[in-house]
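To start, the structure under review is shown below, and the notes come after it.
The basis for the numbers below is simple: all heavy atoms, side chains too, and nothing from hydrogens, waters or symmetry mates.
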Amino acid sequence: MQDRFLKSIAKLPESLATAIVPLLDKDFAGHIDAQQLAELQKATQMELDELLLALLPIAAALARPPISEFHVGAIAKGKSGDIYMGANIELPGEALFHSVHAEQSAISHAWLSGESVIEDIIVNASPCGHCRQFINELVEGSKVKIHLPSQDTAPLSHYLPYAFGPSDLNIDTPLLTKQQHELILDSNDPMVIEALDHASSSYAPYTKNYAAVVLETKDGATYCGRYAENAAFNPSMQPMQMALSTMARHNRDFSEINRAVLIESSKGVVSLVGAAMDALHSVAPIELEHIVADPE
Ligand SMILES: O=c1ccn([C@H]2C[C@H](O)[C@@H](CO)O2)c(=O)[nH]1
Ligand SMILES: [Zn+2]
């Protein structure tokens with residue numbers, strides 16, 4: 001089992017601790033599939049909602065909050081029945097807006113894993129206004145059920161009444177809808193090809209700046225993040241932040257980053273290069289490779 005889970009395991013009911021330890025091997029990065037979840041339920045005799053809340057200390061152990069030391073854990077449950085954990089990240093010495101919230105981390109985890117609907121979000125602290133707005137960008141966002149430790153489960157529409165969202169800007173294909181934006185680039189560099197692929201699947205309906213980041217560690221492993229815009233603009237999730245959050249879930253240290261690539265569209269009305277460089281430089285002394293590709 002990874003050391004980072006030691007303290008959280010001690011907080012779990014004994015039957016859950018025993019059943020989950022085998023899943024927390026060196027490759028565990030916060031994904032539990034529907035079958036594994038059913039086995040956990042069987043071993044613990046818990047109702048599903050109860051089990052999901054009980055798993056939050058495991059999600060919170062994925063956090064990297066050097067500024068607040070406040071560990072937030074979240075779980076996004078997809079329509080497939082699989083669950084995706086996420087946790088907050090703060091970048092040392094950088095402006096606070098570079099932070100990633102646990103809910104964003106869990107949602108991006110589900111999105112990168114191919115989920116097309118998120119039905120439930122379970123979180124250990126009440127979701128802040130910015131997260132409520134981020135959730136509202138999702139397909140059927142107002143219906144996402146929010147589960148909190150000492151509250152009755154309620155849909156997002158309860159937490160965010162009179163919401164402003166994609167439909168106010170005439171977007172009817174919200175976040176998690178399959179995106180396919182062809183970008184043309186001639187390269188046989190596998191890392192660039194991976195980034196291009198993710199940029200094509202990114203969500204940028206407001207600026208058309210289809211963009212993605214891939215980070216590579218010295219051992220050749222890669223971690224990606226796609227751009228996910230928000231109708232209220234500020235709560236958008238930057239691709240660098242999403243990639244860092246992917247790395248953190250995989251228990252990799254940011255100092256292990258060896259190469260970093262940002263690909264964005266030549267026709268976007270904004271560029272993410274400045275924001276991506278600021279975030280990257282706060283964690284690793286690496287130059288950002290910035291590639292601009294033409295949309296088809
Ligand atoms: O909904 C919330 C509220 C806060 N945080 C994180 C952000 C920051 O890292 C820390 C303190 O706000 O908690 C979340 O992850 N989700
Ligand atoms: Zn939040």
Salt-bridge test for D49 and K145: reply yes if a basic N is under 4.0 Å from a carboxylate O, no otherwise.
no
Please tell me if the side chains of V213 and M242 come closer than 4.5 Å, counting only heavy atoms from C-beta onward.
no
Kindly check if the number of other-residue, nucleotide or ligand heavy atoms within 6.0 Å of NZ (K218) is above 12?
yes
Check the angle between the aromatic planes of H31 and Y84 and answer parallel, tilted or perpendicular using the 30° and 60° thresholds.
parallel
Quick check, are the ring centers of H250 and Y223 under 6.0 angstrom apart?
yes
Would you say the side chain of R4 lies within less than 4.5 Å of the side chain of L6, judging by non-hydrogen atoms?
no
Taking the side chain as everything from C-beta on, heavy atoms only, tell me whether M237 gets closer than 4.5 Å to S108.
yes
Considering only heavy atoms from C-beta outward, does the side chain of E287 approach that of L280 to under 4.5 Å?
no
Under 3.5 Å, is there a donor-acceptor pair between the S80 and E115 side chains?
yes
Presence of salt bridge, K42 and E39, under 4.0 angstrom
no
We want to know whether D120 and H147 form a side-chain donor-acceptor pair, criterion being a heavy-atom distance below 3.5 angstrom.
yes
Taking the inter-plane angle between the rings of Y210 and H181 on a 0 to 90° scale, is it parallel (under 30°), tilted (30 to 60°) or perpendicular (over 60°)?
parallel
Neighbour count >12 (heavy atoms, 6.0 Å) for atom CZ, F164:
yes
Indicate whether any N or O donor in one side chain lies under 3.5 Å from an N or O acceptor in the other, for S200 and E182.
no
If you take all heavy atoms of V269 and Y206, which pair is closest and at what distance?
CG2-O, 4.5 Å
Would you call R259-D189 a salt bridge at under 4.0 Å N-O?
yes
Pairwise side-chain contact, V283 with P92, heavy-atom cut-off 4.5 Å (strictly under)
yes
For S126 and R132, does a side-chain donor sit closer than 3.5 Å to a side-chain acceptor?
yes
With sequence neighbours excluded, residues passing side chain to side chain contact (heavy atoms under 4.5 Å, CB included) with A275:
Q238
